[in-house]
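Comments concern the structure below.
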Amino acid sequence: MKEKVKNILKILDEHYPNVRVALNYTNPLELLIATILSAQCTDERVNQITPYLFKKYPTAKDYATADLKTLEEDIKPTGFYKNKAKHIKECCQVLVEKYHGQVPANLEILTKLPGIGRKTANVVLGNAFDIPGIVVDTHVRRVAKRLGLTKHQDALKIEKDLMQLIPKEKWTKFSLQLTWHGRRICKARKPQCNKCPLHKWCDEYQKV
DNA sequence: CTCCCGATAT
DNA sequence: ATATCAGGAG
């Protein structure tokens, strides 16, 4: 397994050397909001509305004091807009009341905020604060499972498995690489195994 | 486990 | 028609 992980990491680095979050942002708050909006929605769609959104709501206080219906309309194209608007407003209210309107760089604090789970928290920590974290989104879950890096379905168990296998300083980049690979090659519906540089090390590919 | 939301691929 | 898309709350 150790050799397998080493090879997978090497191949990922060769093929995806400069991965970056596909969501556009210029500060931790913007990344936090964009990540909440990205739930069950493509990043392109999120990027389409965020230029307008970030201009209209530059600080946490702007979301905290926003009219809920107006905020719903502003984020509508990203889907789940009622839940997301409610989460964003409540989350920013806590940020204003308890954290001076700043995004805390701490996993335990972040995951207690309304609308913020481990996935969103780790995206913000890893990319806005350079604090290593394994991000288990739908792509990471699928690809890690297919590769045979975990047997679990539960996101937290997958996160723990990957934390054991991957060196800490690579957690954030590895998550981004797996997500990117999952989007482009190892797709949910029609995985492009013939184009996949990892298929030698893939459990699922060996089965077929 | 279900619900929230709607666009797009298959 | 149905599954899926950078999930989280109740």
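To find a chain, count down the sequence lines: A is the first, B the second, and so on, and within it residues start at 1.
Annotation: proximity of residues 9-35 of chain A to DNA chain B (heavy atom, distance under 4.0 Å) is found for no residue. Listed in residue order, the members of residues 175-191 of chain A having a heavy atom less than 4.0 Å from DNA chain C are A:L176, A:T179, A:R183, A:A188, A:R189. Within residues 58-81 of chain A, the residues having any heavy atom under 4.0 Å from DNA chain B are, by residue number, A:G79, A:F80, A:Y81.
Both A:K112 and A:V135 sit near DNA chain C, but only A:V135 has its closest nucleotide nearer the 5' end.
Across all strands shown, A:R142 has heavy atoms under 4.0 Å from sugar-phosphate atoms exclusively, and none from any base.
On the nucleic acid side, DNA chain C has its first and last nucleotide under 4.0 Å of a heavy atom of chain A at C:dA3 to C:dA9, going 5' to 3'.
Salt bridge absent: A:K69 and A:E73 never bring a charged side-chain N and a carboxylate O closer than 4.0 Å. The pair A:K151-A:D161 fails the salt-bridge criterion, with no side-chain N (NZ, NE, NH1 or NH2) lying under 4.0 Å from an Asp/Glu carboxylate O. Electrostatic pairing of A:D203 and A:K4 counts as a salt bridge here, judged by a charged N lying under 4.0 Å from a carboxylate O.
For residues 62-84 of chain A, the pairs satisfying ring-ring contact (aromatic ring centres under 6.0 Å, His included) are A:Y57-A:Y63, with sequence neighbours left out.
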- Where do A:T65 and A:V96 land on the side chain to side chain contact (heavy atoms under 4.5 Å, CB included) test, with the steps shown first? CA-CA 10 Å; A:T65 57; A:V96 170; over 6 Å; no
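A:D62 is linked by a side-chain hydrogen bond (donor to acceptor under 3.5 Å, both in side chains) to A:T59, counting only residues two or more places apart in sequence or in another chain.
Side chains of A:F129 and A:V103 form a contact here, defined as non-hydrogen atoms less than 4.5 Å apart.
Residue A:Q164 places its CD atom among 12 or fewer non-hydrogen atoms of other residues, nucleotides or ligands, all under 6.0 Å distant.
A:D137 pairs in a side-chain hydrogen bond (donor to acceptor under 3.5 Å, both in side chains) with only one of the listed residues (A:T35, A:T179, A:N122), which is A:T179. When each of A:V5, A:V135, A:V140 is paired with A:L162, the side-chain contact (heavy atoms from CB on, under 4.5 Å) condition holds for A:V140 and for no other.
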